[in-house]
2 protein chains.
Amino acid sequence: MKINRATDYGVRLMVYLAACEGRVVPRAEIASAMEIPPEFLAKIAQHLAKAGLLEIRQGRAGGYRLKRPSQEITLLEVVEALEGEIALNLCVGHPESCRFSPTCKVHLVWEAATEGLRDLLGNIYLANLIEKKAKSDEEVG
Amino acid sequence: MKINRATDYGVRLMVYLAACEGRVVPRAEIASAMEIPPEFLAKIAQHLAKAGLLEIRQGRAGGYRLKRPSQEITLLEVVEALEGEIALNLCVGHPESCRFSPTCKVHLVWEAATEGLRDLLGNIYLANLIEKKAKSDEEVG
DNA sequence: AGTAACTGGATCTTTTTTATCTTAAATTTT
DNA sequence: AAAATTTAAGATAAAAAAGATCCAGTTACT
């Protein structure tokens with residue numbers, strides 16, 4: 001019951017991009033800053049791109065960039081882009097996988113827990129997750 | 001981000017035992033009723049026994065039985081007996097595993113989500129999960 | 001054209017999960 | 001005490017998933 005490494009990396013990637021505000025960031029920079037194996041990062045980025053969460057620029061000054069504003073991308077989207085829809089047990093979302101699920105009270109618990117988790121992650125936006133750079137009027141004023 | 005099969009089986013086992021109200025239930029019966037490979041079930045039961053959740057009777061009329069009343073055993077205990085303490089990401093419970101965690105806002109999210117999940121499971125008791133047999137005064141009114 | 005940067009698919013290694021096999025021990029019945 | 005039944009505990013194995021890497025090909029800037 002853990003997210004996998006790819007998801008962890010993917011979240012780091014997205015948060016890093018959010019902090020870069022629209023700049024096209026080369027993969028090597030992210031890999032080094034976030035301590036992610038660069039080749040693995042490439043794969044993760046490709047998934048996130050297919051899910052419409054980031055934009056890939058190929059060619060000489062290529063790299064990655066968020067596709068949408070960081071205020072509009074939730075952690076849930078990032079996680080589910082990489083792991084598929086969250087389901088804490090097989091029977092969640094696939095009741096047919098378990099003969100007992102129609103009458104099973106545990107099934108209901110897994111569903112409730114899954115929903116709770118999805119709700120929580122669905123209310124957190126990348127913008128909430130970046131360390132705010134000190135801005136003059138915030139910092140001094 | 002799923003419980004594993006052993007945990008699913010373990011929960012079924014515990015709920016089945018809860019429904020059997022203190023009877024010593026042979027492994028074969030549980031395995032067959034709950035559709036769990038018997039040898040695998042044995043391993044799971046051993047774990048749960050070590051965690052003090054069930055009692056194993058060896059020998060001829062042997063089998064398994066809850067160690068404590070079903071009103072006092074939570075789903076959280078069962079899950080954590082089999083998977084270790086729930087932690088949705090490596091960094092939860094082991095902040096030293098990630099260089100970034102001291103300042104990482106995502107870390108806080110994983111912690112909050114983990115706590116949410118543990119709370120939910122910690123408030124559900126085996127007794128809540130068994131199908132009540134129709135009792136005359138409940139059923140007929 | 002030349003170079004820098006990413007793609008997409010294949011491959012490979014390691015780890016985890018799931019399951020089984022085997023010998024031994026415990027307990028009840030005869 | 002012997003026999004029958006039932007589980008223990010450790011080893012092993014098979015399958016699946018996770019994590020990582022490689023490379024030929026493509027894109028785009030200068």
Task: A:Gln46 or B:Ile3, whichever maps to the more 5' nucleotide of DNA chain C - done: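 It is A:Gln46, whose closest nucleotide lies nearer the 5' terminus.
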
For [Y], does its backbone N or O pair with a side-chain atom of [X] as donor and acceptor, under 3.5 Å?
X	Y	value
A:Thr114	A:Ala87	no
B:Glu115	B:Ala112	no
A:Glu83	A:Asn4	yes

Task: Test: B:Arg12 and B:Glu35 ion pair at under 4.0 Å - done: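 A salt bridge is absent here (no side-chain N lies under 4.0 Å from a carboxylate O).
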
Task: Touch class at under 4.0 angstrom, heavy-atom based, for A:Gly59 against every strand present - done: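 If one applies the 4.0 Å heavy-atom cut-off, A:Gly59 turns out to touch a base.
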
TODO: Using a heavy-atom cut-off of under 4.0 Å over every strand shown, decide if A:Ala45 touches base, sugar-phosphate, or nothing.
DONE: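 No contact.
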
Within the pair [X] and [N], is there a side-chain N or O less than 4.0 Å away from OP1 or OP2?
X	N	answer
B:Arg5	C:dT16	no
B:Tyr9	C:dA19	yes
A:Tyr64	C:dT7	yes
A:Arg27	C:dT7	yes

Heavy atoms from C-beta onward define the side chain here; which of [options] lies closest to that of [X]?
X	options	result
A:Arg60	C:dT7, C:dT22, C:dT3	C:dT3
A:Asn4	C:dT18, D:dA8, D:dG19	D:dG19
B:Glu39	D:dT7, D:dT21, C:dT20	C:dT20
B:Gln58	C:dA25, D:dT21, C:dT28	C:dA25

Between [atom2] on [N] and [atom1] on [X], what's the gap in Å once rounded to a whole number?
X	N	atom1	atom2	value
B:Arg23	D:dT6	CZ	P	13 Å
A:Met1	D:dA18	CE	C1'	18 Å
B:Arg57	D:dA8	CZ	C1'	16 Å
A:Ile56	D:dA28	CD1	P	12 Å
B:His47	D:dA8	NE2	C1'	13 Å

Open item on the list: Please determine whether any donor N or O and acceptor N or O are separated by less than 3.5 Å between the side chain of B:Lys43 and the base of D:dG10.
Closed with: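 Pair found.
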
Open item on the list: Using a 6.0 Å cut-off, check whether atom NE2 of B:His107 has over 12 heavy atoms from anything other than its own residue.
Closed with: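 It does: B:His107 NE2 has more than 12 such atoms within range.
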
Task: Upstream residue (5' side of DNA chain D) when A:Ala61 and B:Ala61 are each assigned their closest nucleotide - done: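 Here B:Ala61 is the residue nearer the 5' end.
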
